[in-house]
Amino acid sequence: MISAESNVHLVIGSQIENIELVQIVLEESLRKLEVGDDASHAISLAVGEAVANAIQHGNERDPGKRVEVDLALDGDDLVVKVADEGRGFDPTQLPDPCAPDNLLQPNGRGILFMNSYMDSIDYSFDAQGGTMVTLRKRLGAPRPEAPAADHKEMG
Amino acid sequence: MISAESNVHLVIGSQIENIELVQIVLEESLRKLEVGDDASHAISLAVGEAVANAIQHGNERDPGKRVEVDLALDGDDLVVKVADEGRGFDPTQLPDPCAPDNLLQPNGRGILFMNSYMDSIDYSFDAQGGTMVTLRKRLGAPRPEAPAADHKEMG
Amino acid sequence: MKIETRDVGEVRILEPSGKITIGVGDVALREAVHDAVQSGSKKILVDLSDTTTMDSSAIGELVSAYTTVTNRGGQLKLLNLPPKVADILQITQLITVFEVYDNEQEAIASF
Amino acid sequence: MKIETRDVGEVRILEPSGKITIGVGDVALREAVHDAVQSGSKKILVDLSDTTTMDSSAIGELVSAYTTVTNRGGQLKLLNLPPKVADILQITQLITVFEVYDNEQEAIASF
Ligand SMILES: Nc1ncnc2c1ncn2[C@@H]1O[C@H](COP(=O)(O)OP(=O)(O)O)[C@@H](O)[C@H]1O
Ligand SMILES: Nc1ncnc2c1ncn2[C@@H]1O[C@H](COP(=O)(O)OP(=O)(O)O)[C@@H](O)[C@H]1O
């Protein structure tokens, strides 16, 4: 999963506490790219959901199973990949958490968060079953309060 | 390099700014293990030196070359491995930075820092030339100000 | 994350501060609501002024709390949504479920 | 890391605060010493009270600064070593090279 353009790659055990570790690395990397706090918060929330799903649903909290997280820049896009060693699932068969009947469900909003806070998310599944979600967000938009972060190297 | 007991594994490009990223992950992991601030500071300094050497001397700041960092617990020992893709060197042939003639040299103290702040450091070299340094430090010593951090899972 | 609790008349006010996310405060939020319900409180106001972020797990706890309180004949309302939290309630359409106030007196009077 | 600079009589006092490490403040330290030397200052006192850590690169800069100033007939001394920094100077035996003070008046009077 480590691509040529990868800037930071992190492999963690399937412990819930490690979600924060991923977010710390992500936020520190975004800070160096001069990404604003609001954008950084949004990306961190989305990536946290992806890692939580990988740990809970993918690896079923098996401490021997790993979650891999890859941070890269593709032009002005931040690309985050989160991969687990689970059995996969069918993302087209999920209930809509915003449907009136589902509004009071305690779960089922993680992918909605990812979709809302990123420009795109894509699932792919390994022959052996593992899930990889690729989250993408454009960073290049010039922000009024600070110089644009275009063409900066990550990390 | 990812061992079965590995808890966190980080792969970074050879940019000096990434040293801090490694230290942030390390310090956060140590905080979760309830390692005290002084011990954490010492370990972080030593690991920072190892990563700086991997980036500067090993990979010669080639942004295409990676540094891998592996954090694991072996019983009560923290074990940190730092590997680069460089050409290796002979650690037995280094000048002593504390020799009177060397005291005013601007360089040559990194390995001294590692040795001073860790219980042990070990170098191994790849057939292809890369260097791996393994830094080890016992965390288990009971500290008066807080319960001992024995048998806790890392990260 | 920590949660401060205070009572104004019959209203139990919960003030979680910092991040509420999976493993960090989601359980604390559940317990604070549970305690309120156990102690017979039927009027619960969650003041989110100092909540910096909530993930889907924290939102799930808030919804569960709402359901628990409602099922026991009580009411759970929200006070002072910071922009990031307001965003999240918008995205999840939960803004249509919760009664939200931006003034404590009004919120208390509404029960 | 940031470095505050002030002059007391002929003595230029540099006060770096925070972490001095490779890529974070080592260059700033070099520049502050360079500026002092350029401006003709021959009495330089580095107050490390607020320096939280120094790595081998920062120590290298301090040694280079010492050498530069000494070669120009000046003096560079240290003031107020926090325990972590004192440790580092002990480990590197540089404690035998630098004159160290823990009182600003005395340090200034010593030049
Ligand atoms: N990495 C994954 N591996 C397996 N199943 C997954 C994964 N991610 C999501 N899912 C499935 O998709 C469902 C919806 O996920 P999500 O929208 O994040 O909500 P939640 O995690 O609260 O259930 C999950 O309940 C699970 O069945
Ligand atoms: N990972 C490495 N790859 C190649 N050479 C190394 C590596 N680490 C250390 N060295 C060699 O060992 C020397 C001493 O290293 P160190 O004690 O850290 O001091 P410094 O980095 O200041 O030179 C370096 O100058 C370099 O020649």
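Order of the sequence lines sets the chain letters (A, B, ...), proteins ahead of strands, with each chain counted from 1.
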(message) Counting only non-hydrogen atoms closer than 4.5 Å, does L104(A) touch chain C with its backbone (N, CA, C, O), its side chain (CB onward), both, or neither?
(response) both
So which N and O atoms of chain A and chain C form donor-acceptor pairs under 3.5 Å?
from, atom 1, to, atom 2, distance (Å)
H41(A), NE2, T53(C), OG1, 2.6
E49(A), OE1, S56(C), OG, 2.6
E49(A), OE2, S56(C), N, 2.6
E49(A), OE2, S56(C), OG, 3.2

(message) Using every non-hydrogen atom in the two residues, find where I91(C) and L112(A) come nearest and quote the distance to one decimal.
(response) O-CD2, 3.7 Å
(request) Please report the closest heavy-atom contact between L103(A) and V63(C), naming both atoms and the distance. (result) O-CG1, 4.1 Å
(message) Which atoms of I88(C) are under 4.5 Å from chain A, going by heavy atoms: the side chain, the backbone, both sets, or neither?
(response) both
